[in-house]
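Only heavy atoms go into these numbers, but all of them, side chains included; no hydrogens, no water, no symmetry mates. Per chain, numbering begins at 1; letters A, B, ... match sequence-line order.
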Amino acid sequence: MTRNLRAWLGDGPLSLDLVDTRLLRGTLPEDAQAVRKVWRRAKYCVIERENDAWVLHFRMTGKVVLERPGGKLRARLLTLGTPVHFLDARCLGELVVLPRAELKAHFQAKHLGPEPFPEPQSAAWWEERLHGLRGALKPALMRQDRIAGLGNIAASEICFRAGVDPRTLVPQVQSWDRIADEAWAFLHEVIEQESGPEIHYVNEAGSSNPFQVYGRAGEDCPRCGAPIQRFLQSARSTFACPRCQGA
DNA sequence: ATTCGTGTTTCAAA
DNA sequence: GTTTGAAACACGAA
């Protein structure tokens with residue numbers, strides 16, 4: 001979505017047409033300031049204009065699209081060209097407007113860990129990032145203050161691809177090398193997969209499930225055919241293969 | 001007809 | 001310091 005926004009917004013004047021006021025945190029931005037830069041940090045997308053910055057988060061169901069919205073429209077991003085629609089069925093997403101000068105402090109306050117992508121990281125790096133945690137691996141992978149940007153789906157998929165039981169306690173994890181490789185591979189693949197004009201979420205009507213285990217409880221494991229299990233970890237659904245992952 | 005569950009984060013409390 | 005649970009929200013499915 002950050003790539004799309006960068007292309008769609010260009011570097012001309014940008015204005016906000018706020019449809020649902022709950023989306024906005026902070027005061028209404030000035031009209032028509034030029035876009036300087038569009039970038040991503042963890043799951044936040046940042047649009048820097050001349051004097052301010054818009055920090056977007058899509059939470060569970062938010063997305064930006066170009067085409068006429070089929071979903072709940074919460075805001076429009078207006079450029080000289082085609083408007084960009086911020087859709088969000090549940091409206092848990094947010095658009096934070098703040099002076100550009102406050103951007104650094106804004107992110108520092110979030111205590112986000114380093115990025116696992118696009119630069120690949122080593123086995124030692126993954127182990128070090130989760131060092132000191134005593135709980136299960138999968139919730140640990142989702143700790144944004146340790147490693148930024150992995151969510152519930154990524155955590156399940158990475159554990160599966162690495163052949164590790166998501167309930168393995170972090171101190172007991174052996175295959176950091178597999179985790180390092182498969183985490184990068186998953187992120188790379190899913191970003192390529194989702195590239196295009198619109199993100200399609202798994203639960204939306206008519207969308208297919210591109211994942212190997214997520215959302216596939218009861219289906220056959222793509223590697224060994226055993227039925228995929230679903231269980232809860234920290235109140236989030238985990239999907240795993242009982243045979244491939246010893247789960 | 002209620003309850004559940006949901007690509008997330010934050011805050012309080014155990 | 002680490003881990004868990006609830007809340008913000010809307011809505012289809014169980």
Side-chain angles (χ1 to χ4, degrees), chain A residues 1-2 4 19-25 40-46 55-65 69-75 86-96 106-113 116-117 129-161 166-173 183 186-196 198-218 230-239:
Chain A
M1 286 195 276
T2 300
N4 282 344
V19 175
D20 189 325
T21 56
R22 293 174 303 176
L23 194 67
L24 179 68
R25 313 297 151 86
R40 177 194 66 83
R41 173 80 170 100
K43 298 171 194 165
Y44 299 89
C45 174
V46 182
V55 181
L56 282 58
H57 197 296
F58 304 105
R59 285 299 205 285
M60 316 275 272
T61 51
K63 60 167 78 170
V64 280
V65 299
K72 282 280 174 66
L73 181 67
R74 306 301 181 182
F86 191 138
L87 310 181
D88 191 350
R90 290 171 66 184
C91 205
L92 291 173
E94 60 181 19
L95 195 166
V96 179
H106 178 75
F107 274 102
Q108 277 174 351
K110 293 183 182 298
H111 303 290
L112 294 169
F117 195 88
R129 291 316 309 160
L130 270 39
H131 180 77
L133 299 182
R134 298 176 304 216
L137 174 62
K138 188 226 169 196
L141 288 170
M142 298 167 63
R143 286 276 301 256
Q144 302 298 303
D145 57 340
R146 297 304 191 104
I147 293 166
L150 302 180
N152 196 44
I153 292 181
S156 272
E157 292 292 305
I158 291 167
C159 289
F160 171 74
R161 297 174 63 123
R167 293 163 295 198
T168 309
L169 301 183
V170 171
Q172 318 297 331
V173 171
F186 168 75
L187 291 167
H188 178 73
E189 281 177 28
V190 79
I191 289 168
E192 290 308 309
Q193 167 105 34
E194 297 287 354
S195 284
E198 177 166 353
I199 293 279
H200 292 286
Y201 290 126
V202 197
N203 283 329
E204 289 173 334
S207 72
S208 62
N209 179 355
F211 305 112
Q212 303 196 49
V213 291
Y214 180 86
R216 297 195 182 281
R230 172 189 177 274
F231 49 90
L232 292 181
Q233 289 185 287
S234 304
R236 306 297 304 277
S237 279
T238 297
F239 298 86

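A:Y214 comes within 4.0 angstrom of the backbone, heavy atoms only, and of no base. Among the heavy atoms of the strands, none lies under 4.0 Å from A:A235. Contacts of A:H111 with the nucleic acid, taken as non-hydrogen atoms under 4.0 Å apart, are absent. Contacts of A:Q233 with the nucleic acid, taken as non-hydrogen atoms under 4.0 Å apart, are absent.
Only the C1' atoms considered, C:dG1 is 23 Å distant from B:dT8, to the nearest whole Å. The P atoms of C:dC11 and B:dT9 are separated by 22 Å, rounded to the nearest whole Å. Using atom P as the reference point in both B:dT3 and C:dA6, the two lie 15 Å apart (nearest Å).
Contact annotation: A:H57 reaches the phosphate of B:dT9 (side-chain N/O to OP1 or OP2, under 4.0 Å). A sub-4.0 Å separation between OP1 or OP2 of C:dT3 and a side-chain N or O of A:S234 is absent. Put simply, A:R236 has no side-chain N or O that comes within less than 4.0 Å of OP1 or OP2 on B:dT9. Between A:K72 and the phosphate of C:dC9, there is no side-chain N or O to OP1/OP2 separation shorter than 4.0 Å. The phosphate of C:dA8 (OP1 or OP2) has no side-chain N or O of A:R25 nearer than 4.0 angstrom. Distances shown here put every side-chain N or O of A:K110 at or beyond 4.0 Å from the OP1 or OP2 atom of B:dT9.
Partner of A:R74 under the side chain to side chain donor-acceptor pair (under 3.5 Å) criterion, out of A:D88, A:T21, A:D20: A:D20 alone.
Without hydrogens or angle criteria, A:T168 side chain to A:L137 main chain gives no donor-acceptor distance under 3.5 Å. Distance alone, capped at 3.5 Å, places no donor-acceptor pair between the A:R236 side chain and the A:T238 backbone. Counting only distance, with no hydrogens or angles, the side chain of A:R41 and the backbone of A:L112 share a donor-acceptor pair below 3.5 Å. Looking at A:K63, its side chain does come within 3.5 Å of a backbone N or O of A:I199 through a donor-acceptor pair.
Side chain of A:K43, nearest nucleotide from B:dT8, C:dC9, C:dT3: B:dT8. For A:R134, the side-chain atoms get nearest to C:dT2 when compared with the rest of C:dT2, B:dT9, C:dA10. In the set C:dT3, B:dT9, C:dA8, B:dT9 carries the atom at the smallest distance from any side-chain atom of A:Y44. The listed nucleotides are B:dG5, B:dT8, C:dT2; the one nearest the side chain of A:R230 is B:dG5.
For the pair A:L232 CG and B:dC4 P, the interatomic distance rounds to 12 Å; values are reported in whole Å. One interatomic measurement links the two molecules: NE2 of A:H131 to P of C:dG1, which rounds to 14 Å at whole-angstrom precision. What separates NE2 of A:H106 from P of B:dT9 is a distance of 13 Å, to the nearest Å. For A:K138 and C:dT4, the NZ to P distance is 12 Å, given to the nearest whole Å. In this structure, A:M1 places its CE atom 12 Å from C1' of B:dT8, rounding to the nearest Å. Between A:L23 atom CG and B:dT9 atom P the separation is 16 Å, expressed in whole Å. Look at CG on A:D145: it is 12 Å from C1' on B:dT10, rounded to the nearest Å. Rounded to whole Å, atom P of B:dG5 lies 17 Å from atom CG of A:L92.
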| message | Could you spell out the base pairing of DNA chain B as a dot-bracket line? Use Watson-Crick and G-U wobble contacts where both distances are under 3.5 Å, [ ] for crossing pairs, | for partners on a different strand. | response | .|||||.|||||||
| request: Test salt bridge (charged side-chain N to carboxylate O under 4.0 Å, His left out) on A:E157 and A:K138 and set out the steps. | output: CA-CA 10 Å; A:E157 292 292 305; A:K138 188 226 169 196; over 6 Å; no
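By the 30° and 60° cut-offs, the orientation of the rings of A:F239 relative to A:Y214 is perpendicular. Ring planes of A:F58 and A:F86: tilted class, angle from 30 to 60°. Classified by interplanar angle (parallel below 30°, tilted 30° to 60°, perpendicular above 60°), the ring pair A:F107/A:Y44 is perpendicular.
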